[in-house]
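Step one of this worksheet: look at the structure below.
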Amino acid sequence: MYSEIPTTDKKGERDRNPRSNANIFEIFTFSWLLNLFKTGQKRDLESNDLYDPLNDHKSSLLGFEIERRWKIEIANAKNTNREPSLSRVLVRMFGGSFFYYGIIQMFFETVLRMTQPLLIGGLLAYFNHGGPNIIDSKHAYMYASGLLLNMLANIVLYHYSQLELGHIGMKIRVACCSTIYKKALTLSTTSLCETTVGQVVNLISNDVNRFDIALRFIQFLWIGPLQTILVTYFLWQEIGVSSIVGVTVFLAFVPLQGWLGKMTSDYRSKIASRTDERVRLMNEIISGIRVIKMYTWEKPFALLVQYARKMEIEQIRGTSWIRVFLQSFRLFNFRFALFISILSYVLLGNSINTQQVNIQVENTYYKQAWHKNYFPCVTD
């Protein structure tokens, strides 16, 4: 009489992710997505057209792994009489792959991008017929080929490393979300009184997203100094002491940027507390909305919500101003340092030329005086 309900929905089954068995060429060129693009060209994509997530991206496996390592960290912390650290667990889980992709990022930032100006300079020397360094057409073709290969490798490695670093950030985010969700299900009654649902939702939906952004830029903490040393070396070969002046001006802005970054962190902590307070207030209002309606307390509670939101907006406005200044430094720093380098090079070059002219004039004067003293009969 009644048909049996199937245990699995065949319409909901998805194909295996082609990224799992893709070769190195398909990974670098993203050609494993061509079939999905072809399907989207023929018709609108549906949810069933998406592939199954990779095993490394599943929250169940990531949550289990971080939970297992967290228990080990707690045991080690008790043995060494210290507080357990989540950062230690994350480093042990993802530190190897994070360091590997950091090496790739360091390679194209310090090697490929640093050699591009050298290749361009060698290619331009072929067209500068009156310059001191004249090269033939064979070397010009070599410089041009090297520049093309350099740009190709730079593009491929850049997108590959950024994608994989984004994957690591996503794994950390998923693992932390899984741990927070499991912990929320096992909270005691006392802990539930201190924590609201809105705080947990804010933590999962907003705070953990910082992992996706931070892991893409944290590599520059050690790539930046290495790249600065190489830039200073090559500039020294071209403009001499003026390179030190420009790099010094560039590094002078680092403490200011660090101070602004610290202020951003402080504002971020205040924003989190203000947001949690606003979410807690809204939860209390929603849970007691019948009483509020019965006693017509809408306007007083609306003022409370408005005040809580105003305090939150003040902190957001502060961090927005700081973010504007930090973004402006990306365009101002190196341009100002370049201007100072060129200015110092021109001024130092003029002073050196003036000194050389004075030395030549003094040498000529002394030669003429010596000639007149020892050979008075010879006139000019």
Side-chain angles (χ1 to χ4, degrees), residues 47 53 57-60 62-67 69-71 73-74 77 83-90 169-215 260-326:
S47 59
H57 298 169
K58 292 183 178 179
S59 60
S60 57
L62 291 172
F64 175 77
E65 181 65 19
I66 195 174
E67 185 179 0
R69 291 181 180 270
W70 177 249
K71 292 179 181 179
E73 174 64 19
I74 292 176
E83 292 292 331
S85 176
L86 179 63
S87 59
R88 293 175 180 266
V89 177
L90 296 179
M170 182 196 67
K171 291 177 184 179
I172 296 176
R173 172 170 53 84
V174 171
C176 292
C177 289
S178 178
T179 306
I180 293 171
Y181 178 74
K182 291 180 180 179
K183 183 64 177 178
L185 295 178
T186 59
L187 288 176
S188 61
T189 306
T190 306
S191 300
L192 288 174
C193 295
E194 299 177 356
T195 305
T196 61
V197 178
Q199 291 177 348
V200 178
V201 172
N202 183 39
L203 187 64
I204 293 177
S205 61
N206 192 11
D207 294 340
V208 294
N209 292 331
R210 305 301 170 183
F211 288 116
D212 296 335
I213 302 174
L215 291 185
L260 292 176
K262 186 177 183 303
M263 289 187 62
T264 303
S265 178
D266 296 337
Y267 273 114
R268 179 61 195 165
S269 301
K270 294 178 182 179
I271 291 172
S273 61
R274 297 293 185 183
T275 303
D276 293 340
E277 180 66 22
R278 179 178 59 83
V279 172
R280 183 189 62 80
L281 180 62
M282 289 301 300
N283 288 332
E284 292 180 357
I285 291 175
I286 292 173
S287 60
I289 191 65
R290 292 183 179 179
V291 179
I292 295 173
K293 285 288 186 180
M294 182 176 64
Y295 289 99
T296 63
W297 287 344
E298 293 90 344
K299 291 185 178 180
F301 278 95
L303 293 176
L304 288 176
V305 175
Q306 184 179 0
Y307 177 76
R309 183 59 179 170
K310 180 181 178 182
M311 299 301 294
E312 183 183 3
I313 289 296
E314 288 182 359
Q315 306 300 328
I316 295 175
R317 186 182 294 112
T319 189
S320 298
W321 279 109
I322 296 176
R323 190 175 296 126
V324 168
F325 281 108
L326 289 176

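Along the sequence shown, residues carry numbers from 1.
Scanning for salt bridge (Lys or Arg N to Asp or Glu O under 4.0 Å) contacts around K262 gives D266, with sequence neighbours left out. Considering only residues two or more places apart in sequence or on other chains, W321 meets the ring-ring contact (aromatic ring centres under 6.0 Å, His included) condition with none of them. Taking the side-chain contact (heavy atoms from CB on, under 4.5 Å) definition, one finds that A302 meets it with nothing, sequence neighbours left out. K299 meets the side-chain contact (heavy atoms from CB on, under 4.5 Å) test with no other residue; sequence neighbours excluded. Among residues two or more places apart in sequence or in another chain, the salt bridge (Lys or Arg N to Asp or Glu O under 4.0 Å) test is passed with R317 by none. Partners of V324 according to the side-chain contact (heavy atoms from CB on, under 4.5 Å) rule, which considers only residues two or more places apart in sequence or in another chain, do not exist here.
Side chain of S287 to backbone of E284: a donor-acceptor contact under 3.5 angstrom is found. Judged by distance alone, the side chain of S320 and the main-chain N or O of I316 form a donor-acceptor pair under 3.5 Å.
Across every non-hydrogen atom of I322 and M263, the tightest pair is CD1-CB, 3.6 Å. When all heavy atoms of V208 and C177 are compared, the pair lying nearest together is CG2-SG, 3.6 Å. Counting all heavy atoms, side chain and backbone alike, Q315 lies closest to I271 at CB-CG1, 3.4 Å. A pairwise comparison of heavy atoms in V89 and R69 identifies CG1-CB, 3.7 Å as the closest pair. Between E83 and A77, the closest heavy-atom pair is C-CB, 4.0 Å. In terms of heavy-atom proximity, S178 sits nearest to G63 at OG-CA, 3.5 Å.
Side-chain contact check for T264 versus Y267: every heavy-atom pair is 4.5 Å or farther apart. Contact annotation: the side chain of I172 approaches that of C176 to within less than 4.5 Å [non-hydrogen atoms, C-beta and beyond]. Contact check for I66 versus L90: side-chain heavy atoms found under the 4.5 Å cut-off. For the pair L260/F325, a side-chain contact is recorded, criterion being any heavy-atom separation below 4.5 Å from C-beta on. Looking only at side-chain heavy atoms (C-beta outward), N209 and R173 come within less than 4.5 Å of each other.
With rounding to the nearest 0.5 Å, the separation of CG in L86 from CZ in R88 is 12.0 Å. Interatomic distance, L62 CG to M170 CE, rounded to the nearest 0.5 Å: 8.0 Å. Here the CH2 atom belonging to W70 is positioned 5.5 Å from the CD1 atom belonging to I74, to the nearest 0.5 angstrom.
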After noting the C-alpha distance and the side-chain angles of E67 and T179, does the key distance pass the side chain to side chain contact (heavy atoms under 4.5 Å, CB included) rule? CA-CA 7 Å; E67 185 179 0; T179 306; 5.6 Å; no

Would R274 and E277 count as a salt bridge (charged side-chain N to carboxylate O under 4.0 Å, His left out) if you check the C-alpha gap in whole Å, the side-chain angles of each, and the deciding distance to 0.1 Å? CA-CA 5 Å; R274 297 293 185 183; E277 180 66 22; over 6 Å; no

